[in-house]
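All figures in this text were calculated on a predicted structure; none of them were measured in a lab.
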Amino acid sequence: MGNESSWSGSQCLSTLNNFFRKYLFRVLSCGAIPTHIAFIMDGNRRFAKKQNMVEGEGHRAGYKSLISMLNYCYELGVKYITVYAFSIENFKRKPEEVQYLMDLMVEKIDELLREGSIVNQYGMRLYFIGNLKLLSEEVRTAAEKAMKATAHNNRTVLLICVAYTSYDEIVHAVQESCEEKMNNIQAENTSKAGRNSTEQNGSCEKMNGVHPHEIQDCHKREVHGTVILGKNEICCNGFSKLEASEKKNGVIKRAVPGFNGEKWNEVQQSMQSQLSKGTIESGEDGETIQEIKPLLSKGTIESGEDGETIQEIKPLINLVDIEKHMYMAVAPDPDIVIRSSGETRLSNFLLWQTGYSPLYSPAALWPEIGLWHLVGVVLHYQRNYSYLQKKRKQS
């Protein structure tokens, strides 16, 4: 009888807590609610020491706090939650501690995929963010399995940063961007080479209605292995003198009418000298024909009076290229970052994405984090919301 009365009382208390929490979240929803909250789960080891727990048990207590926080965030309407679970720097800890954490991670990933878990209950999609190649095969397989199993969930998203640092993420993004651009350039060059080959073969047969054998007095001279013709003359490769090219140091440069190889070298040296000064000179008379600095910002250099573009400067990689190759490209930038234990350092976490994200640092250790800390997070965000939005618009 006593047990039944105790259970009934606990159930009643739980119902009241749920009702109060929903009412509280409804009031908070009258203001702005963060779309994306990022957590640095700091203080698990200190909590274990504080509570005289066995080493490693602090991380299990931290996992329970994470599940509670995921529940609260879902009820509040937060779409994206990112947690900093394991840094690349953490591999420097004692091998037995690292192994314990990896085993715990595999155990909890399997737990999250069970029927009735918070992931299936809330339609949560899982992403494991970081350099997963650094993980053991067992952990990496478990992470990939979880991402595949939840790929069709779309109600909320949990991003777990493991084997992650911002430095590694940025280097990865730049490398991927360079590789993509190089592949595009090679594909474009191959395509152009194919088209040029076809056009040149056709021009050998006929150029502007004139067959090669019909050309009279084709005065030719050779400069560094390149055939140069007299003015307006045509050779069987279909190029006029102005279009003839000279290959020097592995770079194809367009020839200039009346310039021999030595003169071309002089012009190139002059151009290099003038580039450093911000001007290009026309050669013999030294007349400045074009200011280069303003044109560099526009991406073109013009030849002067006729406005013919002789060079085009385009950035090889831009901001969009890098951002799309970031590990965190699957989610918007965090609206606010929470670091438990009172620390105010980001510790190499989302440095690229948090330029306009406020940092909230409650003194509680991560296993001590609860409902009222989340309420404090939302109120802090709402107090700074107008200022943050203004800054974002100015960027």
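Residues near Phe19 contribute nothing to a hydrophobic cluster around it, because no ILVMFWY side-chain heavy atom sits closer than 4.5 Å to its side chain.
No hydrogens or angles considered: a donor-acceptor pair under 3.5 Å links the side chains of Ser166 and Tyr164. Checked by atom type, the side-chain pair Tyr72/Arg21 shows no donor-acceptor distance below 3.5 Å.
Contacts of Lys92 classified as salt bridge (Lys or Arg N to Asp or Glu O under 4.0 Å), with partners at least two apart in sequence or in another chain: Glu89. Partners of Tyr122 by side-chain hydrogen bond (donor to acceptor under 3.5 Å, both in side chains), not counting sequence neighbours, listed by chain and number: Asn71. For Asn90, the side chain to side chain contact (heavy atoms under 4.5 Å, CB included) partners are Phe86, Ser87, Arg93, not counting sequence neighbours. Remark: Lys49 engages no residue in a side chain to side chain contact (heavy atoms under 4.5 Å, CB included) (not counting sequence neighbours). Residues passing the side-chain hydrogen bond (donor to acceptor under 3.5 Å, both in side chains) test with Asn17: none are found, sequence neighbours excluded. With sequence neighbours excluded, the residues forming a side chain to side chain contact (heavy atoms under 4.5 Å, CB included) with Ser117 are Val119, Asn120, listed by chain and number.
A donor-acceptor distance shorter than 3.5 angstrom exists from the side chain of Arg125 to the backbone of Ala151, with no hydrogens or angles considered. Not one N or O on the side chain of Thr82 forms a donor-acceptor pair closer than 3.5 Å with the backbone of Ala38. Between the side chain of Ser177 and the backbone N or O of Ala173, at least one donor-acceptor pair lies under 3.5 Å.
Nearest heavy-atom pair across Leu359 and Thr344 is CD2-O, 3.3 Å. Here the shortest heavy-atom pairing between Ser361 and Glu343 reads OG-O, 2.9 Å. The two residues Ala364 and Ser340 come nearest to each other via the heavy atoms O-CB, 3.3 Å. Taking both residues in full, the closest heavy atoms of Asn348 and Leu351 are given as OD1-CD1, 3.7 Å, listed atom of the first, atom of the second, then distance. What you find for Tyr356 and Arg392 is that their closest heavy atoms are O-NH2, 3.1 Å.
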**Prompt:** Please walk me through it: do Val375 and Leu76 pass side-chain contact (heavy atoms from CB on, under 4.5 Å)?
**Reply:** CA-CA 10 Å; Val375 172; Leu76 187 58; over 6 Å; no
**Asked** Would Tyr74 and Ile118 count as a side-chain contact (heavy atoms from CB on, under 4.5 Å) if you check the C-alpha gap in whole Å, the side-chain angles of each, and the deciding distance to 0.1 Å?
**Response** CA-CA 10 Å; Tyr74 179 81; Ile118 188 172; over 6 Å; no
**Message:** Checking Tyr327 against Asp168 for the side-chain contact (heavy atoms from CB on, under 4.5 Å) test, could you report, in this order, the C-alpha distance in whole Å, the side-chain angles of both residues, the deciding distance, and whether it holds?
**Reply:** CA-CA 10 Å; Tyr327 296 139; Asp168 179 76; 3.0 Å; yes
**Item:** Stepwise side-chain contact (heavy atoms from CB on, under 4.5 Å) test for Ile160 and Ile109
**Value:** CA-CA 11 Å; Ile160 303 171; Ile109 290 173; 5.9 Å; no
Which atom pairs, one a donor and one an acceptor, fall under 3.5 Å between side chains of residues 378-388 and the rest of the protein, sequence neighbours left out?
unit_1 : atom_1 : unit_2 : atom_2 : d
Gln382 : NE2    : Leu28  : O      : 2.9
Gln382 : NE2    : Ala32  : O      : 3.0
Asn384 : ND2    : His380 : O      : 2.7

List the atom pairs, with distances to 0.1 Å, where a side-chain N or O of residues 53-64 and a protein N or O form a donor-acceptor pair under 3.5 Å, not counting sequence neighbours.
unit_1 : atom_1 : unit_2 : atom_2 : d
Arg60  : NE     : Tyr100 : OH     : 3.2
Arg60  : NH1    : Glu107 : OE2    : 3.0
Arg60  : NH2    : Glu107 : OE1    : 3.1

If you look only at distance, which donor and acceptor atoms sit under 3.5 Å apart when one is on a side chain in residues 140-148 and the other is two or more places apart or in another chain?
unit_1 : atom_1 : unit_2 : atom_2 : d
Arg140 : NH1    : Leu135 : O      : 2.8
Thr141 : OG1    : Glu137 : O      : 2.7

For residues 328-339, which side-chain donor-acceptor pairs fall under 3.5 Å, sequence neighbours excluded?
unit_1 : atom_1 : unit_2 : atom_2 : d
Asp335 : OD2    : Thr35  : N      : 2.7
Asp335 : OD2    : His36  : N      : 2.9
Arg339 : NE     : Asp42  : OD2    : 3.4
Arg339 : NH1    : Arg345 : O      : 2.7
Arg339 : NH1    : Ser347 : OG     : 2.6
Arg339 : NH2    : Asp42  : OD2    : 3.2

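Sorted by first then second residue, the salt bridge (charged side-chain N to carboxylate O under 4.0 Å, His left out) pairs that include residues 319-332, not counting sequence neighbours, are Glu180-Lys324, Lys181-Asp321.
Atom CZ in Phe91 sits 10.0 Å away from atom CG in Leu101 (nearest 0.5 Å). Distance check, rounded to the nearest 0.5 Å: CG of Leu113 to OG1 of Thr150 gives 7.0 Å. With rounding to the nearest 0.5 Å, the separation of CD1 in Ile88 from SG in Cys161 is 10.5 Å. Summarising the geometry, atom CD1 belonging to Ile40 is positioned 7.5 Å from atom OH belonging to Tyr84; distances are rounded to the nearest 0.5 Å. In this structure, the separation between OG1 on Thr354 and CG on Leu346 is 5.0 Å, given to the nearest 0.5 Å. Rounding to the nearest 0.5 angstrom, the gap separating the CH2 atom in Trp352 from the CE atom in Met326 is 4.5 Å.
By the rule that hydrophobic residues join a cluster once side-chain heavy atoms approach within less than 4.5 Å of another member, Ile129 and Val171 end up as members of separate clusters. Under the 4.5 Å side-chain heavy-atom criterion for ILVMFWY residues, no single connected hydrophobic cluster contains both Ile170 and Leu134. Linking ILVMFWY residues whenever their side-chain heavy atoms come closer than 4.5 Å, directly or via other members, places Trp366 and Leu158 in the same cluster. When hydrophobic clusters are built by joining Ile, Leu, Val, Met, Phe, Trp and Tyr residues whose side-chain heavy atoms come closer than 4.5 Å, directly or via intermediates, Ile81 is not grouped with Tyr127. Linking ILVMFWY side-chain heavy atoms closer than 4.5 Å, directly or via other members, places Phe349 and Met41 in two distinct hydrophobic clusters.
For the pair Glu179 and Gln175, the minimum side-chain heavy-atom distance is 4.5 Å or more. For the pair Met69/Cys73, a side-chain contact is recorded, criterion being any heavy-atom separation below 4.5 Å from C-beta on. Taking the side chain as every heavy atom from C-beta outward, Glu169 and Gln353 approach each other to under 4.5 Å. Looking at Ile322 and Val174, their side chains come closer than 4.5 Å, going by heavy atoms from C-beta outward.
Remark: Tyr167 OH is loosely packed, at most 12 non-hydrogen atoms of other residues, nucleotides or ligands lying under 6.0 Å away.
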